[in-house]
Trainee: 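Provided herewith is a single structure, encoded as structure tokens, for subsequent inquiry.
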Amino acid sequence: MENLFKKRQERLDIFHSLRKKVVHENIKKEIPDNVFKTCDKCNESLPYIDLVNNLYVCERCGHHIKISGRERIRQLFDENTFKEFDKHISSKNDDHFAGYDEKLDKYKRSTGLEEAVICGVAKIDNHKVAIAIMDSNFMMGSMGQVVGEKITRVIEYAMKKKLPLIISSTSGGARMQEGIISLMQMAKTSSALKRYSDQGGFYISLLTNPTTGGVSASFAMLGDIIIAEPDALVGFAGKRVIEKTINEVLPKGFQRSEFLLEKGFVDMVVERKDLRKTLSDLIAFHVGK
Amino acid sequence: MNLRECEILIKSLEAEKAKIENVNTEYYDELDAQIKRIQKETYSNLSAWDRVYLARHADRPKAQDYIDLLFDNFYELHGDRGVKDDRALIGGIAYFNGTPVTILAQAKGKTTKENIERNFGMMNPEGYRKALRLAKQAEKFGRPIINIVDTSGAFPGKEAEERGQAEAIAKCLYTFSNLRVPIISIVISEGGSGGALALSVADRIAMLENAIYSILSPEGFASILWKDESRAQEAAEVMKLTSYDLLGKKVIDAIIKEPLGGAQECIEYVAENMKKYIEEELAVLSKMRMKDMLEKRYMKFRKIGMI
């Protein structure tokens with residue numbers, strides 16, 4: 001009897017060790033290195049599969065992890081309704097700025113994008129909208145002539161077709177390498193929005209982490225309704241510059257969405273899980289159900 | 001030899017010249033000729049960095065000087081009706097050749113004390129909102145607007161962020177783009193970043209010959225791109241920030257000439273040229289149909305970076 005138990009235990013041990021091995025090998029073989037993503041706020045390791053289902057929001061701390069433009073489109077708009085405009089226009093190095101061509105190439109390869117914004121039309125709960133979705137993976141979402149041009153074109157398209165407009169911003173500001181031409185894109189996009197607005201166009205600006213500099217000081221702050229994702233950095237000047245200017249350390253939460261809400265510069269702070277419904281409802285208010 | 005070194009050299013030569021009692025000597029004439037030669041050589045071949053130096057020259061005339069010389073019966077109007085009066089912007093009404101105009105002028109000070117009062121010409125959100133208030137007032141009464149641009153940038157301060165610096169600038173771009181009166185902007189010294197652009201959405205944009213206009217100060221540019229502020233001089237050369245560069249890029253419409261050595265050498269000459277420019281362009285603009293003028297203003301920016 002005793003022997004029987006012993007044998008069984010032995011066999012179980014063998015079985016368990018084999019199973020462990022198999023599972024281990026399987027992980028190594030089938031699941032790629034990036035099976036986990038570390039939350040950049042609380043350092044929790046989050047399995048990708050959960051992360052995707054949770055819209056890239058950390059389950060532990062609620063941090064809204066940076067997402068690509070494509071992922072943003074997947075999250076917000078009806079499946080297979082997105083049609084892209086001007087996909088293939090890309091920046092040129094008109095001033096022959098040293099190293100700029102290489103930088104553009106590098107980001108094109110790493111992101112699969114031609115520039116830092118994706119524009120087009122899509123549907124949200126069956127309402128057609130013109131959209132511009134910025135992607136900070138491409139040179140920090142900086143605005144040069146192509147970003148300015150693509151955004152202006154989509155605003156003009158929305159005006160012509162009398163469509164509502166959603167621009168999702170994320171940007172470090174104007175693109176230094178293109179100099180004054182980048183700066184002028186602020187005037188260009190803002191002028192287009194003014195025309196669109198004067199003709200009754202409805203524009204929702206979505207501010208995501210981070211939206212600063214020349215983008216915040218132009219189209220991002222000109223929405224009829226301005227929505228920010230939680231804890232997004234939104235402001236004009238960079239933290240370091242301000243601290244150097246006033247010679248003091250800025251308080252925690254400075255230039256964050258909740259701070260802007262308190263100061264009266266955004267209409268609402270909306271969590272990612274509620275964004276789609278919020279946008280859809282707001283569009284419905286303005287175009288009729 | 002850059003401009004600064006050249007200035008020091010000329011000063012020393014002039015000091016030596018002043019020491020000579022008998023002005024009829026050969027040495028005196030030689031010194032005189034040498035000074036003139038150095039001046040001519042340097043000033044007729046200025047680098048971008050030299051122009052940055054000139055644009056920031058302590059003696060360079062400020063907005064208030066031009067207001068005094070160009071306009072009559074100026075009344076300053078204060079405040080944004082919300083927070084306070086931003087002294088980095090002088091706003092008001094005056095006559096230009098007998099026509100009432102609204103003036104919006106970024107103001108640096110002449111002394112340290114005045115500079116502190118005027119925040120070194122760096123506006124806060126309430127300054128941009130004062131500009132918006134006065135611009136809408138100008139529209140109501142059909143007055144052309146003359147903007148004088150001179151700022152290193154919008155003020156990067158804590159309160160400026162709290163009161164919405166980005167929104168204030170964005171609203172200026174937005175509103176000026178479609179304001180139903182002629183707008184002329186003149187960059188007199190420094191046109192820095194969004195803070196300058198906010199007053200530069202206009203039907204005509206001119207720069208004084210030695211003014212600079214750029215996305216950021218050369219120091220900031222070097223610091224962001226190369227993480228080294230000390231490379232500002234190198235940055236200035238690649239940034240294309242001089243009046244000639246920007247005319248070439250069609251970002252500005254005209255260059256207003258300065259005397260040899262810069263505006264501080266003879267402000268009357270500069271003011272006269274500015275006056276002529278404003279006169280001519282206002283005449284053209286006031287004859288245009290409103291719809292055409294606004295369409296042209298829109299296209300002016302629409303075309304920049306058009307693909």
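In what follows, every chain begins at residue 1, and chains take the letters A, B, ... in the order their sequences are listed.
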Trainee: Please flag which part of A:Arg175 lies under 4.5 Å from any non-hydrogen atom of chain B: side chain, backbone, both or neither.
Mentor: backbone
Trainee: Please identify, among B:Met306, B:Glu162, B:Gln165, the residue contributing the most non-hydrogen atom pairs under 4.5 Å to chain A.
Mentor: B:Glu162
Trainee: By a 4.5 Å heavy-atom criterion (distance strictly below it), what part of B:Ile307 contacts chain A: side chain, backbone, both, or neither?
Mentor: both
Trainee: If every non-hydrogen atom of B:Lys158 is compared with every non-hydrogen atom of A:Phe254, which pair is closest and at what distance?
Mentor: CG-CE1, 3.6 Å
Trainee: Roughly how far apart are B:Glu161 CD and A:Lys263 NZ, rounded to 0.5 Å?
Mentor: 12.0 Å
Trainee: Using heavy-atom distances under 4.5 Å, tell me whether A:Ile242 contacts chain B through its side chain, its backbone, both, or neither.
Mentor: both
Trainee: Hey, does B:Val251 have a side-chain heavy atom less than 4.5 Å from the side chain of A:Ile181?
Mentor: yes
Trainee: For A:Ala187 and B:Leu197, work out which heavy atoms get closest and say how close.
Mentor: N-CD2, 4.1 Å
Trainee: Under 4.0 Å between a side-chain nitrogen and a carboxylate oxygen: does that hold for B:Glu229 and A:Lys244?
Mentor: yes
Trainee: Taking B:Lys240 first and then A:Asp94, would you say they form a salt bridge - that is, a charged N and a carboxylate O separated by under 4.0 Å?
Mentor: no
Trainee: Output the option from A:Glu248, A:Arg153, A:Glu156, A:His96 having the highest count of non-hydrogen pairs under 4.5 Å with chain B.
Mentor: A:Glu156
Trainee: Answer with side chain, backbone, both or neither: which region of A:Glu262 has an atom nearer than 4.5 Å to a non-hydrogen atom of chain B?
Mentor: neither
Trainee: Any chance you could measure A:Ser191, atom OG, to B:Leu294, atom CG, to the nearest 0.5 Å?
Mentor: 11.0 Å
Trainee: Are A:Ile180 and B:Met239 close enough, and set up right, to give a side chain to side chain contact (heavy atoms under 4.5 Å, CB included), and what steps lead you there?
Mentor: CA-CA 8 Å; A:Ile180 197 88; B:Met239 283 174 76; over 6 Å; no
Trainee: Would you say B:Arg180 has more than 12 foreign heavy atoms packed within less than 6.0 Å of its CZ?
Mentor: no
Trainee: So for B:Ile304, is it side chain, backbone, both, or neither that comes closer than 4.5 Å to the heavy atoms of chain A?
Mentor: both
Trainee: Measure from the side-chain N and O atoms of B:Glu167 to the backbone N and O of A:Ser218, and report whether any donor-acceptor pair falls under 3.5 Å.
Mentor: no
Trainee: Counting only heavy atoms closer than 4.5 Å, note whether A:Val215 contacts chain B via side chain, backbone, both or neither.
Mentor: neither
Trainee: Select one option (side chain, backbone, both, neither) describing which atoms of B:Leu241 are under 4.5 Å from chain A's heavy atoms.
Mentor: neither
Trainee: Please state whether the side chain, the backbone, both or neither of B:Phe176 comes within less than 4.5 Å of a heavy atom of chain A.
Mentor: neither
Trainee: Can you confirm whether A:Lys108 is buried at NZ, in the sense that more than 12 heavy atoms of other residues, nucleotides or ligands lie under 6.0 Å from that atom?
Mentor: yes
Trainee: Distance from A:Met221 atom CE to B:Leu173 atom CG, nearest 0.5 Å?
Mentor: 13.0 Å
Trainee: Checking heavy atoms, do the side chain of B:Lys300, its backbone, both or neither come under 4.5 Å from chain A?
Mentor: neither
Trainee: How long is the span from the CD1 atom in B:Ile215 to the CG atom in A:Leu183, to the nearest 0.5 Å?
Mentor: 5.5 Å
Trainee: Check this for me, if you would: do B:Arg302 and A:Glu149 make a salt bridge, where the nitrogen-to-carboxylate-oxygen distance has to be below 4.0 angstrom?
Mentor: yes
Trainee: So which of A:Gly144, A:Ala174, A:Ala192, A:Ser182 has the biggest tally of heavy-atom pairs under 4.5 Å with chain B?
Mentor: A:Ala192
Trainee: Hey, are the side chains of B:Leu225 and A:Gln177 touching, using non-hydrogen atoms and a 4.5 Å cut-off?
Mentor: yes
Trainee: Against chain B, work out which of A:Ile89, A:Val241, A:Ile226, A:Leu193 has the most heavy-atom pairs shorter than 4.5 Å and name it.
Mentor: A:Leu193
Trainee: Highest number of heavy-atom pairs under 4.5 Å with chain B: which of A:Lys92, A:Met176, A:Gln145?
Mentor: A:Met176
Trainee: Of the backbone (N, CA, C, O) and the side chain (C-beta and beyond), which part of A:Ala220 lies under 4.5 Å from a heavy atom of chain B, both, or neither?
Mentor: neither
Trainee: Rounded to the nearest 0.5 Å, how far does OG1 of B:Thr175 lie from CG of A:Leu222?
Mentor: 8.5 Å
Trainee: Just checking, A:Lys194 and B:Tyr174: is the charged tip under 6.0 Å from the six-membered ring centre and within 45° of the axis?
Mentor: yes
Trainee: Which atoms of B:Arg297 come close to chain A, meaning under 4.5 Å heavy atom to heavy atom: side chain ones, backbone ones, both, or neither?
Mentor: neither
Trainee: Mind telling me whether B:Phe221 and A:Phe97 have parallel, tilted or perpendicular rings, with 30° and 60° as the class edges?
Mentor: perpendicular
Trainee: Flag yes if more than 12 heavy atoms outside B:Lys249 fall under 6.0 Å of its NZ atom; otherwise flag no.
Mentor: yes
Trainee: Quick one: SG on B:Cys172 to CE on A:Met186, what's the gap to the nearest 0.5 Å?
Mentor: 10.5 Å
Trainee: Under 4.5 Å heavy-atom distance to chain B, tell me which part of A:Asp86 shows up: side chain, backbone, both or neither.
Mentor: neither
